[in-house]
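One structure below.
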Amino acid sequence: MEQCLLAKYRDFLPTTPQTPIITIGEGDTPLVRSQRLEREIGCGELYFKLEGCNPTGSFKDRGMVVAVAKAIEAQNSAIICASTGNTSASAAAYGAVCGLTTFVIVPRGNIALGKLAQALIYDARILAIDANFDKALELVRVLAQKHPIALVNSLNPHRIEGQKTAAFEIVDALGDAPDYLFIPVGNAGNITAYWKGFVHYKQVGRAASTPKMMGFEAEGSAAIVRDKVIPDPKTVASAIRIGNPASWRGAVAARDESGGEIDCVNDEEILDAYRLLAAKEGVFGEPASAASLAGLIKLAKSGYDFSARKVVCVITGTGLKDPDTAIQSAKPLTELPADLETLEKVIVQG
Ligand SMILES: *Cc1c(COP(=O)(O)O)cnc(C)c1O
């Protein structure tokens, strides 16, 4: 059996002999070479890191397994998070397998159905409040300070540590770091974590180089791009609908130290990339995930030359969590009578 994430990367993680080695099968996700878009966009090599293949369907599991293991080591019996959805699904799953009480604070009416379904079936205590994500995060910070409950949002440094492992896997798969890493930016924990991971691997000689970090916010919630807090963030991509990123400074450092960029893409660009990814590559990511590909397409159109470059787009979560957006943005289905002649006509005409 493959070693689990906590065991495999023990030397790179904040584990001690007292840290319980828990797993529900996180990490070790596929890095898949593009079949069609690589040529159409004009990249030397283009890969997708399929983080939707994690057990709860997003990269959040990598950080959560570390955060929950450390919470148990610190003898907490409850965990809490604010969430736009994927963090709550992940926290609830690890809380369940470890027998912890999981409190999840979500913005009422603003969470994709699949994600809510996950937290519910994993038996978390879900508290839906009339507030956006940023306000919910403010509240859980206070609650976690006042009560013996472990905060498992990405403010928890163990989350970032665990999320570094995706960068390790990319280097292990390619033999070195890629030239560019494209990644969606919401709360900015993930871009911070990847950068830490790439730097860490270079320091210990497992990689010769580090990539340029290319982070993409949604235009309606582009706090880092505009260099100001967005009080009422908007975008179809709910996982990056965040107006005051907790790891703001980490993201800026990743950009500056790597020689990369943080830019934004609008909802139309996000949904175009979301459809292309599915229709041309067979990869169904959630809308926020497509911000990485949307960013790559935007830069290629604006004159960037990736033709001799190795590019990785992180596809952060699975599209199955948000079927409503898929159905609304895809071509409608064709309804027909159950009649051979009519069906033949349609099939022959294409
Ligand atoms: C959490 C999440 C993001 C944003 O990651 P941050 O670390 O908050 O920047 C992007 N996509 C998906 C699917 C997510 O779950």
Side-chain angles (χ1 to χ4, degrees), residues 26 29 48-64 67 81-93 106 111-112 114-116 118-119 133-134 136-137 152-164 166-167 181-197 213-218 221-225 233 235-252 254-255 262 264-265 270 273-274 277 283-295 313-322 325:
E26 61 290 324
T29 58
F48 301 111
K49 180 66 171 161
L50 301 183
E51 288 294 282
C53 295
N54 277 295
T56 76
S58 85
F59 73 82
K60 298 297 197 295
D61 295 340
R62 292 180 185 277
M64 198 58 72
C81 64
S83 179
T84 59
N86 283 332
T87 297
S88 60
S90 190
V106 297
I111 164 166
K115 301 176 186 180
L116 187 61
Q118 286 181 290
F133 170 80
D134 299 290
L137 184 57
V152 296
N153 279 101
S154 61
L155 291 164
N156 179 327
H158 303 310
R159 282 274 311 278
I160 307 278
E161 290 301 308
Q163 286 170 208
K164 290 190 312 195
L181 186 96
F182 282 78
I183 184 168
V185 173
N187 221 11
N190 212 26
I191 188 171
T192 302
Y194 269 81
W195 180 238
K196 265 193 114 170
M213 301 295 291
M214 312 301 277
F216 283 82
E217 298 185 291
S221 20
I224 300 172
V225 173
T235 169
V236 63
S238 57
I240 55 172
R241 190 184 294 145
I242 291 169
N244 188 12
S247 297
W248 193 316
R249 279 194 299 189
V252 168
R255 176 193 68 194
I262 294 181
C264 60
V265 280
I270 289 173
Y274 168 69
L277 191 60
V283 172
F284 185 21
E286 70 168 271
S289 299
S292 55
L293 177 61
C313 285
V314 182
I315 307 303
T316 46
T318 172
L320 277 175
K321 296 189 183 225
D322 188 1
T325 304

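We count ligands from 1, going down the list as the structure has it; atoms in each ligand are counted the same way. Note that the numbering runs from 1 along the sequence shown for the chain. What's counted below: heavy atoms across the whole structure, side chains too, no hydrogens, waters or symmetry copies.
- Considering OG of Ser238 and CG of Asp322, their distance stands at 6.0 Å, rounded to 0.5 Å.
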Give me the pairs of N or O atoms, one from ligand 1 and one from the protein, that sit under 3.5 Å apart.
unit_1: ligand 1; atom_1: 7 (O); unit_2: Gly189; atom_2: N; d: 3.2
unit_1: ligand 1; atom_1: 7 (O); unit_2: Asn190; atom_2: N; d: 2.8
unit_1: ligand 1; atom_1: 8 (O); unit_2: Asn187; atom_2: N; d: 2.8
unit_1: ligand 1; atom_1: 9 (O); unit_2: Gly186; atom_2: N; d: 2.8
unit_1: ligand 1; atom_1: 9 (O); unit_2: Asn187; atom_2: N; d: 3.3
unit_1: ligand 1; atom_1: 9 (O); unit_2: Ala188; atom_2: N; d: 2.8
unit_1: ligand 1; atom_1: 11 (N); unit_2: Thr316; atom_2: OG1; d: 2.7
unit_1: ligand 1; atom_1: 15 (O); unit_2: Lys60; atom_2: NZ; d: 2.6
unit_1: ligand 1; atom_1: 15 (O); unit_2: Asn86; atom_2: ND2; d: 2.6

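- With sequence neighbours excluded, the residues that form a ring pair (Phe, Tyr, Trp, His ring centres under 6.0 Å) with Phe182 are Phe216, Phe306.
- By the 4.0 Å N-to-carboxylate-O rule, Glu51 lies too far from Lys60 to be salt-bridged with it.
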Name every donor-acceptor pair, under 3.5 Å, that has one atom in a side chain of residues 239-252 and the other anywhere in the protein, sequence neighbours excluded.
unit_1: Arg241; atom_1: NE; unit_2: Thr235; atom_2: O; d: 2.9
unit_1: Arg241; atom_1: NH1; unit_2: Asn110; atom_2: OD1; d: 3.0
unit_1: Arg241; atom_1: NH2; unit_2: Thr235; atom_2: O; d: 2.7

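- Every residue was checked against the salt bridge (charged side-chain N to carboxylate O under 4.0 Å, His left out) condition with Glu217, not counting sequence neighbours, and none meets it.
- A side-chain donor-acceptor contact under 3.5 Å links Gln163 and Asn190.
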